[in-house]
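Note sheet for the following structure.
All values below were derived from every heavy atom in this structure, side-chain atoms included, with hydrogens, water molecules and symmetry-related copies excluded. Labels below follow one simple rule: chain letters A, B, ... track the order of the sequence lines, proteins then strands, and each chain is numbered from 1.
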Amino acid sequence: MNSLLEHYQNMLRIRRVEEAIAARYSEQQMRCPTHLSIGQEAAAVGVSASLTVKDKAYSSHRAHAHYLAKGGSLDALIAELYGKQTGCTGGRGGSMHLTDLSAGFVASTAIVGNSIPLAVGNALHQQVQKLDEISVTYFGEGATEEGAFYESANFAALRKLPVLFVCENNRYSVYSPLSVRQPESRSIVALANAIGLNAIEVDGNDVEQVAAATAELVKGIRNGDGPALIECHTYRHREHCGPNFDDDLGYRPEDEVAHWLARDPVTLLQQKLLDLGASAQQLEALDGKIGSEIANAFELAQVADFPNPDDNERFVYAE
Amino acid sequence: MNSLLEHYQNMLRIRRVEEAIAARYSEQQMRCPTHLSIGQEAAAVGVSASLTVKDKAYSSHRAHAHYLAKGGSLDALIAELYGKQTGCTGGRGGSMHLTDLSAGFVASTAIVGNSIPLAVGNALHQQVQKLDEISVTYFGEGATEEGAFYESANFAALRKLPVLFVCENNRYSVYSPLSVRQPESRSIVALANAIGLNAIEVDGNDVEQVAAATAELVKGIRNGDGPALIECHTYRHREHCGPNFDDDLGYRPEDEVAHWLARDPVTLLQQKLLDLGASAQQLEALDGKIGSEIANAFELAQVADFPNPDDNERFVYAE
Amino acid sequence: MQSNQTTTFAEQINQAQHQAMQDDPAMLAFGLGISDPKGIFGTTTGLAESFGHERVFDMPTAENGMTGIGIGAALAGSRVLMTHQRLDFFLLAMDQLVNNAAKWHYMFNGQMKVPLTIRLIIGRGWGQGPTHAQNLQSWFAHIPGLKVITPSKTDAVAAQLYSAIMDDSPVIFIEHRWLHQQQCETSQIKPLTLRPEPVRVHKTGADYTIVANSYMVLESLIAARKLAELGIDAEVLETAELEPACWQPVYQSVAKTGRLLVCDSAHTSFSVAAEIISSVTERCFGQLKQAPLRLGLPDYPEPTSIALTKHFYPSADSITKKVMMSLQRELPASIQDADEHHSTRPHDVPGEWFKGPF
Amino acid sequence: MQSNQTTTFAEQINQAQHQAMQDDPAMLAFGLGISDPKGIFGTTTGLAESFGHERVFDMPTAENGMTGIGIGAALAGSRVLMTHQRLDFFLLAMDQLVNNAAKWHYMFNGQMKVPLTIRLIIGRGWGQGPTHAQNLQSWFAHIPGLKVITPSKTDAVAAQLYSAIMDDSPVIFIEHRWLHQQQCETSQIKPLTLRPEPVRVHKTGADYTIVANSYMVLESLIAARKLAELGIDAEVLETAELEPACWQPVYQSVAKTGRLLVCDSAHTSFSVAAEIISSVTERCFGQLKQAPLRLGLPDYPEPTSIALTKHFYPSADSITKKVMMSLQRELPASIQDADEHHSTRPHDVPGEWFKGPF
Ligand SMILES: Cc1ncc(C[n+]2csc(CCOP(=O)(O)OP(=O)(O)O)c2C)c(N)n1
Ligand SMILES: Cc1ncc(C[n+]2csc(CCOP(=O)(O)OP(=O)(O)O)c2C)c(N)n1
Ligand SMILES: [Mg+2]
Ligand SMILES: [Mg+2]
């Protein structure tokens, strides 16, 4: 139950952070496109449980959960959304370009699929330099439609690179269902296996499944068996980009939405903990602690200075 | 035996054309990069046996065989190599850009993998317009490493487009063996199946196998069952680009070369025909007829006019 | 807020597509999100409903492959329109665009055509940042065989798009996001079949030639009004088509005014502005009274934070300032600091209608 | 034909890589054919043997993915050199180059670096044709964050490549295929660690400034000799680095001569030449005696047939002619028809050493 409680804490923290962002987004002070992970926290937390701070993670536009689960600074995240000097890129990158090198979260990028090769390249460096670390690349099922995914996976398999591909299959790319993007017969794990990745799929809303599968895959990767892929079936609760619920638009079947909301990963885990004997007070205390941490992060972000545009010409080239 | 004899005639014709090009290339009058198909004729001929003139074919840098097997004009091919006005693109495209629209050979292109999406697009047009024809795309196993192949195959499968993918796996990309490009575990058919193509592999030096497999796949395609892929295992006899043998360079294992040369598709078929009772004279007569046709094509190409550079500015934009 | 008499840039783009789909039954339109509830900022709304999902369709996230598929369909006889919500995403498809679409008609000696139009939307502000705000118009203009259209005004955009679609050559159609809500009276709309002017003269003037395209035309026109108040009679021209051979009106204008400022909506160096200045200098050297000037985006990526973009985009004030300074005239106090933003709305949104995030 | 005293451009490129691989044990070099028997026209021969196949390796035909992999390795701490046998193939990788490599250091606020060099080879002649002969130098130069080096002479190329590799910013290194066999005495070779000059002055002169880069430097120098015979003292400058901020020597030269011809090795419109002319005009307007001129490739793709390329590439004679005409001087009969090819070798090969096909 200890590790479960830890997972719960991590997931709840991400959830509360994202909810706080959503709650304040309409104040128009976080002025950048922001993709929330609400509903998808189990994948990030379950995967991170097998990673050390030395391991290097890359992600996509929807990166908050991965960043936080990997240990990225909450204060620097919130400040970044506010476009402040204290943000993780000093306001240059915004929500879609997060980094915390001290936590081994290298970067997220805003072009679908284009951070996947970067993670594979990181793994190439790790292999050639015989480093005791691995790389991880997070992406959505939409990104598997890009040639960049395919080319990267082929090379990772060819060189048996130490890299874990994490595909969060939330069934949608913006408003587009899988049916307009991938053939009905498609299995992402079967495809990944055919490319040469050691691939398995799990219920991505069950953090235990994610953690167990990842542990096994990562063991193989650290062992030198080559790259692997985990497909986490999951669902995003809110709109693709922005703070709101958008099921009034009708692009997702009602029963599908209902099915997945009923399988909210945080609620599921909370129930499990209660069943296992955790007390409601204990969990509430956790929530309270998280709440103050988040309030503090927003407080810091709001009072922080804006970056100075006089520095805009810095860092076009390495100095 | 009739269809076998026809296959033989088509294969032998391609072989003799390529040999004639090779024999005269050093005269430096065919001044363009030229990739010969010697050793790979069975794939082109076996596939074309299931195609009608209405079907549309696309190919890569190594296109002579596909062009001729589809019915492309021999005279226009040779004239193109000589850079003449009478060439199939009037000297603009050279060996790597062949076309004969009257034969349904739409085009070959020089960038690895980049004609694959074109064929799929052609199939999209055929499907939407409900045309009674299919598309074919020829490419090497190297092209399957490009994202363009993957993205095209995904869309073809998604829309169940009438397109046949023909992969000639000759084990090399220029001097590079498969071992530096694809993981050992790779099966191109397994991969294609996982993407959603109906895929089978055959001995690409056995024209009967190619023809039979293609017939079956094409039947399904015309039936509306969706796209298919045939992988033809084969071997090129000469250098990647140019007229010579280059096994003095040592990039291909001697026993591998010996194995494949012993399985030359033209010789295999000739032997079979003889075994089935064809007479040596009959086959020689065929060869003789082909020889005069080729001699005539070279004659015409050599006496033809060069295109006029004053027209160089034409056709930048459609008129 | 819209009466029967007015229409928007986005609506006009929408109408041009409807008409083209109707006029050519072999036309296809596709792109990520083209048939989703938002319909690419409203520009594709209703197309799938009117013409069916076989001809109007969403697609996999696979820009390179899908561009090739569009080219192949065009070669086969379809007329193809693709839309990308950001130009930045289209960088994946440069091989198909340049090595196939642009050269095909030429390298196959005129035997085949590529009636393909690619709509690319340029983002700006509200944290679009480094990879959602690039305008690489000079790249496309540099490639023989591509036509590049950069509309700026609601009255002409439908005719421009319609003619691009009906063109049998590949056309890159670059739409600035900040134009979509621009209004205009329906009575002013140019007929769809009118051949659009490659260069549009939006204001005549004797003293100074200002050349701009895309969104910068709007800023230039405001600047021209301010300049008029300051006694400078500026001529404002729009290079709606990026093709030096079509720029005769620009050369004529400079021959008249002797002075030129080119406003570019992309990075300044190796830009369309450089080509315009170079072309003008070649042809009008004797008539130039002073060095032609340019005003474009700085040569660094768009930063995300609102604090960092204040000076990133040239404005009407910075145009006015540049012109006045080149004439060595006093600047009125109101635009002494042209880089300060004077409007009541934040500088990173185009207007009240914009609620973020894209 | 080579004595101990001479070396070639290709050999120098080879040596620079050997030295860099040795100096930085975390350096990787990869590209299609890099370790094959031909070693990219001899430029990579011996690298894999010396440094092992883990650090020097051939790759799948997957330009976009592999570029991203190079960037990722560079971010992690490797120093990366990639080679493409033709620039045309690299069009597949524009997303990785522009959206990631070029912007990374900037958008992550200087926290990471991308020590990545990309060698791109430009083909010409012998039927390279539309998709094996493109020089898109102006594309790369337009992107903030990329450095673009276009070497032309054997004496400096090793230092140029070595410094590109050792640079912690991404560098595009454009090699013209016709330079590889160019010889030079070993005694003239610049030390690898010498910081290369962004602009090289190859000949001083008082009458006319000729600016060129890459292969066009060679033609310009021949033209300058002819011009000298005709009484015109031309100054020949090479913009080896494509960055206006580095072009001070060009501005100084034009300030002196008042006349400028820019020779471009790419399509003429929206070109590097346009930027050079525009930059010069901005800075030297008062000193210009006549309109700056440019001479580049025509705005259509390279056709394949030898009959069609005769006039495609500007030559020393066409440079000479252009200069003489701009000065309204008589042309000697020998170059009346500058477009005729005078050498004994066919116009579509660089020299006897070239036996085709690439
Ligand atoms: C190359 C590219 N194409 C399109 C987009 C626009 N876009 C941003 S996020 C997104 C959805 C991608 O879906 P998926 O990979 O499943 O991730 P999810 O949003 O579901 O987490 C799209 C299409 C983009 N950023 N980059
Ligand atoms: C995108 C691209 N990369 C590299 C090349 C150089 N090239 C030309 S042919 C070829 C070999 C491709 O191998 P394969 O697809 O197996 O075809 P094969 O030559 O064996 O028939 C290569 C790498 C190219 N033309 N285009
Ligand atoms: Mg998704
Ligand atoms: Mg091959």
Side-chain angles (χ1 to χ4, degrees), chain B residues 56 58 85 87-94 96-101 106-107 109-131 133 135 137 146-156 158-159 161 163 307 311-319, chain C residues 25-28 30 52-80 92-93 95-116 143-147 167-171 243 245:
Chain B
K56 304 295 187 286
Y58 281 82
Q85 177 69 51
C88 62
T89 75
R92 286 195 171 182
M96 298 191 291
H97 299 98
L98 302 180
T99 183
D100 189 336
L101 295 175
V106 183
T109 68
I111 303 291
V112 170
N114 91 339
S115 64
I116 301 174
L118 305 183
V120 173
N122 205 310
L124 174 64
H125 175 81
Q126 290 164 331
Q127 183 187 67
V128 175
Q129 296 301 320
K130 303 192 184 11
L131 303 184
E133 46 174 88
S135 297
T137 170
E146 292 283 2
F149 160 74
Y150 174 75
E151 294 180 2
S152 304
N154 180 57
F155 186 74
L158 172 70
R159 293 283 289 248
L161 297 180
V163 54
D311 293 333
N312 269 356
E313 298 195 5
R314 280 196 73 186
F315 302 133
V316 177
Y317 298 102
E319 275 149 27
Chain C
M27 178 173 161
L28 304 174
F30 57 99
H53 285 274
E54 213 181 11
R55 289 178 59 200
V56 180
F57 56 87
D58 206 328
M59 64 177 215
T61 323
E63 286 77 2
N64 187 46
M66 292 310 300
T67 302
I69 287 166
I71 297 167
L75 288 170
S78 293
R79 187 168 294 285
V80 178
L92 284 159
D95 172 56
Q96 286 298 332
L97 181 75
V98 173
N99 284 328
N100 284 341
K103 302 191 201 320
W104 203 272
H105 187 65
Y106 190 87
M107 71 188 174
F108 290 101
N109 210 18
Q111 294 175 83
M112 288 171 267
K113 298 179 296 192
V114 185
L116 169 73
I143 303 299
L146 294 180
K147 295 187 179 174
D167 199 309
D168 282 341
S169 295
V171 181
E243 168 63 52

Considering all heavy atoms of both residues, which atom of [X] and which atom of [Y] are nearest to each other, and what is their separation?
X      : Y     : answer
B:F155 : C:I69 : CD2-CD1, 3.6 Å
B:P117 : C:G65 : CB-O, 3.5 Å
B:L118 : C:G68 : CD2-O, 3.3 Å

Subject >> Flag, side chain of B:E151 to backbone of C:P60, donor-acceptor distance under 3.5 Å >> reply: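 Checking the backbone N and O of C:P60 against the side chain of B:E151, no donor-acceptor pair under 3.5 Å is found.
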**OP:** Check for a donor-acceptor pair, side chain of C:Y106 on one end and backbone N or O of B:E313 on the other, with a separation under 3.5 Å.
**Re:**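 Flag not set: sc C:Y106 to bb B:E313 has no pair under 3.5 Å.
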Subject >> Flag side-chain contact, heavy atom, 4.5 Å: C:R55 against B:V128 >> reply: yes
Subject >> Which of B:G90, B:A107, B:S152 touches chain C most, by non-hydrogen pairs under 4.5 Å >> reply: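 Highest number of heavy-atom pairs under 4.5 Å: B:A107.
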From [X] atom [atom1] to [Y] atom [atom2], the distance as rounded to the nearest 0.5 Å:
X      : Y      : atom1 : atom2 : value
C:M112 : B:T99  : CE    : OG1   : 3.5 Å
B:H125 : C:R79  : NE2   : CZ    : 12.0 Å
B:E146 : C:N64  : CD    : CG    : 8.5 Å
C:F57  : B:L124 : CZ    : CG    : 5.0 Å
C:M66  : B:N154 : CE    : CG    : 9.0 Å
B:T89  : C:Q111 : OG1   : CD    : 7.5 Å

Chain B interface, residue from [options] that has the most non-hydrogen pairs under 4.5 Å:
options                      : answer
C:D95, C:N99, C:I71, C:N109  : C:N109
C:V114, C:T67, C:L146        : C:L146
C:A102, C:G70, C:P115, C:G77 : C:G77

Subject >> Donor + acceptor pair across side chains of C:N100, B:N114 (<3.5 Å) >> reply: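 B:N114 and C:N100 do have a side-chain donor-acceptor pair below 3.5 Å.
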Original post:
If you count the non-hydrogen atoms of other residues, nucleotides and ligands that lie under 6.0 Å from CD in B:Q129, is the total more than 12?
Top reply: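 Yes.
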Original post:
Is the count of non-hydrogen atoms from other residues, nucleotides or ligands lying under 6.0 Å from C:K147 atom NZ greater than 12?
Top reply: yes
So which part of [X] gets closer than 4.5 Å to some heavy atom of chain C, the side chain, the backbone, both or neither?
X      : answer
B:L158 : side chain
B:R159 : side chain
B:D100 : neither
B:Q127 : both

Under 4.5 Å from a heavy atom of chain B, the part of [X] involved:
X      : value
C:L28  : side chain
C:P170 : neither
C:E54  : both

Subject >> Full working for side-chain contact (heavy atoms from CB on, under 4.5 Å) between B:Y58 and C:L75 >> reply: CA-CA 12 Å; B:Y58 281 82; C:L75 288 170; 3.6 Å; yes
Subject >> Worked verdict on C:F108 versus B:V106 for side-chain contact (heavy atoms from CB on, under 4.5 Å) >> reply: CA-CA 10 Å; C:F108 290 101; B:V106 183; over 6 Å; no
